[in-house]
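A quick write-up on the structure given underneath.
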Amino acid sequence: MFFLRMAFKNLTRHKRRTIITALIIAFAILIYVMTDGLMLGMTEMSFDNIINLESGHLQVVDQNYWEDRKELPLKNLITPSAELEAEIKKTAGYVAMTKRLKFAVNLNNGIDELPVTGVGIDLGQDDKVFELQNYLVEGRMPEADSSEIIMGAKLAELMDFKTGDYAVMLIRTEEKTFNTIDGEIVGLFNTPHPSLNESNVFLPLSTAQDRLNTKGKISHYAVRLSDQNQALTAAEELSTRLEAPLQAYSWKDAAKSLVTMIEMQDIETQVVLAVILTLAAVGIINTVILSALERMEELGMMKALGMHEREIVYTFMGEAAGIGVIGGIMGIIMGIIGLSIFNINGIDISTITAGGDMTYGFPLSGTIYAGWEISSFIFVFIYGIIVSVLASIFPALWAARKDPVKAIYHR
Amino acid sequence: MSLIKLTGLEKIYQQGKIEVPALRGIDMEIESGEFTTIFGPSGSGKTTLLNMIGCLDKSTAGEIIFDGHSINDLDNKELAEVRRYNLGFVFQSYNLIPVLTAFENVEFAIRLIDKHSKKERKDKVMSLLEEVGLGDMAHRRPNELSGGQKQRVAIARALIKEPKLVLADEPTANLDSETSQEVLELMKEMNEELNTTFIFSTHDPQVMDYARRLIEIKDGKISKDQRRD
Ligand SMILES: Nc1ncnc2c1ncn2[C@@H]1O[C@H](COP(=O)(O)OP(=O)(O)OP(=O)(O)O)[C@@H](O)[C@H]1O
Ligand SMILES: [Mg+2]
């Protein structure tokens with residue numbers, strides 16, 4: 001304790017040097033807090049987009065369909081039934097469910113053809129699970145059982161469609177025969193989920209089932225729960241009650257590639273942090289060496305008095321820890337201020353991505369806001385202290401091993 | 001039994017390829033409670049000799065027996081232990097810790113042998129500070145003290161552990177003659193009161209007058225050894 005107190009007093013010897021070294025650490029922490037906050041914000045918003053526009057909290061599908069779902073097959077569809085729906089409703093936290101049928105479409109405007117995804121939606125029910133209609137920027141939702149369609153404003157622009165136009169949708173039925181739907185565009189949407197805007201066309205479920213000749217089958221049920229964090233356990237629990245090959249998947253399963261990507265990004269952030277803190281460590285090493293050189297006579301005295309190398313090293317480690325604490329506090333305060341300033345207006349992601357649609361693989365667009373996580377503040381605070389202390393050990397050992405005679409007489 | 005016994009002590013410094021003999025066969029015995037000065041011209045080996053006795057450096061040849069134990073074969077760690085429990089040091093440039101108060105600088109030394117309770121420690125440090133005449137300056141930092149006062153703190157720091165031996169290499173070299181005498185007076189007082197053995201080196205004839213035993217070295221050898229009463 002005495003040595004620790006002495007260590008903290010030592011920090012007052014060269015206040016400016018202490019502050020500058022601490023500032024380097026603070027700066028590293030600031031960058032980490034900002035990067036991490038931004039990533040967290042983007043992650044949360046991406047998950048929201050996936051849940052609210054793509055998958056719901058749970059999806060009930062044939063597990064064989066699930067494996068090939070990216071290819072939008074018309075095989076392994078499920079037949080809706082009252083028993084199945086009753087089973088789904090028993091899920092803890094159940095709020096609503098809806099039926100969807102996804103299929104491959106070649107969208108034709110008379111000149112060009114574009115492969116897109118068609119989604120048949122249960123119009124009375126879909127808005128209880130999804131938020132698509134909140135993002136209509138023009139027109140209205142299709143009428144049930146009609147051949148009215150809506151599409152992303154972006155897609156419409158690309159294909160030169162306006163509301164009121166008819167779009168020819170080429171489809172292949174379950175029996176591989178060709179068919180077309182002449183869809184009247186009654187609405188355009190612009191969601192924060194970019195791929196939805198670029199490649200999805202929505203139409204009434206019954207019309208899709210009819211033209212695809214699926215005989216009332218759907219690709220999946222989408223379910224909304226009261227709490228997204230329950231989705232994982234709910235999916236497992238529901239799966240046990242479903243008859244094979246039916247299976248429930250949570251939004252996390254649906255967002256698997258995103259989750260993997262976020263994990264990668266997380267590692268990247270850690271690497272960035274490690275690199276910056278390594279620079280900060282150089283600052284600590286420099287400070288400890290300077291301090292030791294200035295205090296040679298004192299160190300010689302300490303050794304003459306029989307102080308152990310270990311105790312001298314502890315004193316320097318205590319000083320470094322002190323610098324780490326000061327830097328950590330400054331860094332976190334700076335980070336909180338930085339995040340607050342950032343979140344006043346958020347940032348339009350298109351300014352980061354230079355107007356492009358690529359959002360580093362995140363399914364989001366529009367204005368993004370940073371997230372907060374106390375645990376990551378604590379993590380980086382402790383990490384900063386640990387790095388400071390570790391960085392001090394080597395120069396402290398060098399100082400502690402000085403020959404006492406040489407230290408006292410500057411030889 | 002003498003506190004220190006040196007036999008045939010030699011020290012040769014290696015300066016690159018050149019060998020610099022600093023001590024060339026020193027034989028001497030110091031009894032417990034003695035108040036001894038080592039004097040001699042510059043470069044005669046005073047500091048070297050004190051460092052050998054103080055277990056700070058190792059000899060090239062010869063033997064040092066401290067309190068009945070040979071310290072020749074001790075490693076650095078063991079030497080540090082000997083210093084920690086048995087020796088006090090007073091340096092020419094005081095070597096106080098500037099961020100600590102006078103009180104804390106003295107407390108620092110006793111912390112190292114920590115066998116006292118907080119209260120005991122406090123009382124001990126305070127009474128010793130009073131004895132060296134700094135009772136009312138306990139909470140000053142070194143930069144708020146004069147040279148003589150600093151050296152008093154250093155003497156208190158050396159004595160707080162009640163060591164068997166206090167070594168002082170030119171303790172008055174940075175002080176004016178009046179202050180030098182005060183510091184010597186204090187050391188002598190402590191020697192008489194606590195029966196602590198003191199060995200100090202000096203150039204100053206005035207300072208030598210305080211010693212009860214004078215050892216002169218020249219060229220790494222003892223040239224005179226005289227007791228006064
Ligand atoms: N580390 C060293 N390396 C080489 N030579 C040394 C070293 N230390 C001391 N010497 C030499 O040893 C001799 C004795 O030095 P020492 O410092 O013991 O003398 P001193 O009597 O204390 O002198 P002064 O009165 O100037 O302090 C000198 O010739 C000195 O140059
Ligand atoms: Mg000398």
Side-chain angles (χ1 to χ4, degrees), chain A residues 1-19 287-288 290-316 318-320 322-323 326 396-411, chain B residues 11 13 15 22 47-48 50-58 76-101 103-114 118 121 141-143 153-154 157-158 160-161 163 166-170:
Chain A
M1 264 298 111
F2 182 80
F3 297 121
L4 202 61
R5 226 174 56 224
M6 189 165 79
F8 288 148
K9 285 188 178 171
N10 280 337
L11 291 175
T12 63
R13 290 192 195 212
H14 291 278
K15 295 197 185 69
R16 207 160 46 152
R17 188 196 295 158
T18 303
I19 296 293
T287 298
V288 172
L290 284 179
S291 306
L293 285 174
E294 279 165 8
R295 294 181 213 157
M296 259 317 150
E297 289 188 9
E298 279 168 57
L299 284 170
M301 176 277 290
M302 289 174 177
K303 295 211 68 170
L305 261 57
M307 200 167 166
H308 295 306
E309 284 178 12
R310 189 165 26 92
E311 292 164 331
I312 294 174
V313 171
Y314 286 164
T315 308
F316 280 112
E319 274 181 66
I323 294 175
I326 296 171
L397 265 176
W398 165 79
R401 295 216 169 121
K402 278 267 161 193
D403 181 58
V405 175
K406 289 193 175 119
I408 295 167
Y409 299 98
H410 288 291
R411 277 178 182 157
Chain B
K11 175 71 180 181
Y13 288 110
Q15 208 161 39
T47 299
T48 307
L50 284 180
N51 287 344
M52 298 290 135
I53 298 171
C55 303
L56 287 167
D57 208 350
K58 289 186 160 186
N76 283 339
K77 215 173 163 184
E78 291 164 328
L79 288 175
E81 287 294 303
V82 175
R83 297 196 298 269
R84 193 174 174 115
Y85 292 99
N86 302 297
L87 298 177
F89 289 90
V90 177
F91 306 95
Q92 179 182 329
S93 45
Y94 329 120
N95 295 24
L96 299 177
I97 298 173
V99 289
L100 302 183
T101 61
F103 180 91
E104 289 165 330
N105 266 288
V106 177
E107 190 191 12
F108 172 81
I110 200 172
R111 281 274 181 175
L112 295 176
I113 54 163
D114 226 349
K118 200 175 170 185
R121 202 160 54 218
R141 292 202 177 181
N143 62 1
V153 176
R157 180 179 64 193
I160 189 73
K161 303 188 288 195
V166 172
L167 295 161
D169 189 15
E170 311 211 27

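Chain A is the first sequence line, chain B the second, and so forth, proteins listed ahead of strands; every chain is numbered from 1.
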What are the two closest heavy atoms between K303(A) and R83(B), and how far apart are they? O-NH2, 2.9 Å
What are the two closest heavy atoms between E104(B) and F2(A), and how far apart are they? O-CZ, 3.8 Å
Just to be sure I understand the criterion: a residue of residues 291-299 of chain A counts if one of its heavy atoms is under 4.5 Å from a heavy atom of chain B. Which ones qualify? E297(A), E298(A)
Minimal non-hydrogen separation, L56(B) against D403(A), with atom names: O-OD1, 4.3 Å
Could you pull out the closest heavy-atom pair between A304(A) and F89(B), with the gap in Å? O-CE1, 3.2 Å
Is R111(B) salt-bridged to E311(A), cutoff N-O under 4.0 Å? no
Between P98(B), A80(B), C55(B), P163(B), which has the largest tally of heavy atom pairs under 4.5 Å with chain A? P98(B)
Is it the backbone or the side chain of L96(B) that comes under 4.5 Å from a heavy atom of chain A, or both, or neither? backbone
About how many Å separate CD1 of I408(A) and CG of N51(B), when rounded to the nearest 0.5 Å? 7.0 Å
Measure the spacing between CZ of R13(A) and CD1 of I97(B) and express it to the nearest 0.5 Å. 7.0 Å
When the 4.5 angstrom heavy-atom criterion is applied to N76(B) and chain A, the contacting part is neither
Top of E81(B), R157(B), K77(B) for chain A proximity - count of heavy-atom pairs under 4.5 angstrom: R157(B)
Under a 4.5 Å heavy-atom cut-off, does chain A meet the side chain of Y85(B), its backbone, both or neither? neither
Nearest heavy-atom neighbours spanning K161(B) and L305(A): NZ-O, 3.6 Å
Between E309(A) and chain B, which part of the residue has a heavy atom less than 4.5 Å away: side chain, backbone, both or neither? neither
